[in-house]
Amino acid sequence: MSRDVNVGDRLADLVKEPITRTQLVRYAGASGDFNPIHHDEPFAQAAGYKSVIAHGMLSMGFLGQYVAAWAGSPARVRALSVRFKAITWPGDVVTCKGEVTAVRSEGGRRLVDLKVWTETSAVTGEGTATVDVS
Amino acid sequence: MIDRSHIGRTTEPLVLDVERGHIARFADAIGDPDPIYRDEDAARRAGHPRIPAPPTFATALRPRDVRAGMGITFDRVLHGEQGYELRRPMYAGDRVAVSQRVADIFQKSGKAGVMDMCVFETTGVDPATGEVFFVGRATIVVKR
């Protein structure tokens, strides 16, 4: 990937489809995270939530999609970290956003650091990614 | 509170296959339309030797659960943070030995009172060479 990347560049937003309960069940099956808080409404309500809640890792998966698409390949993504800040609910539309924070060389590779985050009506997760753009 | 004596506990490695159908189901669940996760020819045209795993696929390679016996129940936990170092791309057909370690346990005072924070580190290595595919660090918040 030879392209012009500069600190401060904003990545184009990725707007995901609204999250559905069926998607949470599919993600539970695919990821192996069967915490019932993500698929069992009575369990979630007994735990104090108004409904089931989305896996934080689903939103991180959206960011994985977002960063891999920007990088041109999942194999170029060297690191991805997210701090989960607010709950994501069924029906929420998640938008992935990002910005270039550094362009650097390390071990002969050209690396780009990104700040990335997910938003619904609030910022639900924020983190960083490192992409090899050599 | 969660006993800090659990720090350092590590599970026996579990050897898992990276399966192409699993990769496709994982990409489907996320809603990632990239054909490289489903079609071997598309993956090759994009320069991959085989179907690659998405960046967060490591979460689907579940180690033996190091939390067993720590008194952590589903209704009290929240995923606080997750980080991955992705040292080597994973492809369908790879074998990965995953193990999990209790890296840290500490307390934090927040809006909801004092909470226990547990950090679990999951490592995936090539069982033949020991080469590291990924290191994941999960910070789990346990409400009291």
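Chain letters run A, B, ... following the sequence lines, proteins first, then strands; residues in each count from 1.
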Between A:Arg26 and B:Arg25, is any pair of side-chain heavy atoms under 4.5 Å apart?
no
What I'd like to find out is whether the side chain of A:Pro74 reaches to under 4.5 Å of the side chain of B:Pro52, using heavy atoms alone.
yes
Check each atom of B:Leu78 against the heavy atoms of chain A and say whether the ones under 4.5 Å are side chain, backbone, both or neither.
side chain
From A:Asn35 CG over to B:Thr73 OG1, what is the distance, rounded to the nearest 0.5 angstrom?
9.5 Å
Heavy-atom check, side chain of A:Arg78 versus side chain of B:Glu85, under 4.5 Å:
no
Pick one of side chain, backbone, both or neither for B:Tyr37, based on which atoms fall under 4.5 Å of a heavy atom in chain A.
side chain
Region of A:Ile37 in contact with chain B, defined by heavy-atom distances below 4.5 Å:
side chain
Where on B:Asp34 is there a heavy atom nearer than 4.5 Å to chain A: the side chain, the backbone, both, or neither?
neither
Hey, which of B:Ile23, B:Thr139, B:Asp32, B:Asp28 has the most heavy atom pairs under 4.5 Å with chain A?
B:Asp32
Just to be sure I understand the criterion: a residue of residues 81-97 of chain A counts if one of its heavy atoms is under 4.5 Å from a heavy atom of chain B. Which ones qualify?
A:Ser81, A:Val82, A:Arg83, A:Phe84
B:Ile30 and A:Phe62, any side-chain heavy atoms less than 4.5 Å apart:
yes
Honestly, the part of B:Phe57 sitting under 4.5 Å from a heavy atom of chain A is neither
Point-to-point distance, once rounded to the nearest 0.5 Å, from CD of A:Glu126 to CD of B:Glu81
10.0 Å
Among B:Ala27, B:Pro33, B:Ala60, residue most engaged with chain A (heavy-atom pairs, under 4.5 Å)
B:Ala60
Under 6.0 Å between ring centres: does that hold for B:Phe74 and A:Phe43?
no
What's the spacing between B:His79 NE2 and A:Met60 CE if we round to 0.5 Å?
7.5 Å
Neighbour count >12 (heavy atoms, 6.0 Å) for atom CZ, B:Arg38
yes
What's the separation between atom OG1 in A:Thr130 and atom CG in B:Leu86, rounded to the nearest 0.5 Å?
9.5 Å
Heavy-atom distance under 4.5 Å between the side chains of A:Tyr27 and B:Thr59, does that happen here?
yes
Contacting moiety of B:Ala53, where chain A heavy atoms sit under 4.5 Å:
backbone
Compare all side-chain heavy atoms of A:Gln65 with those of B:Pro55 and state whether any distance is below 4.5 angstrom.
no
For B:His22, which atoms come within 4.5 Å of any heavy atom of chain A: side chain, backbone, both, or neither?
side chain
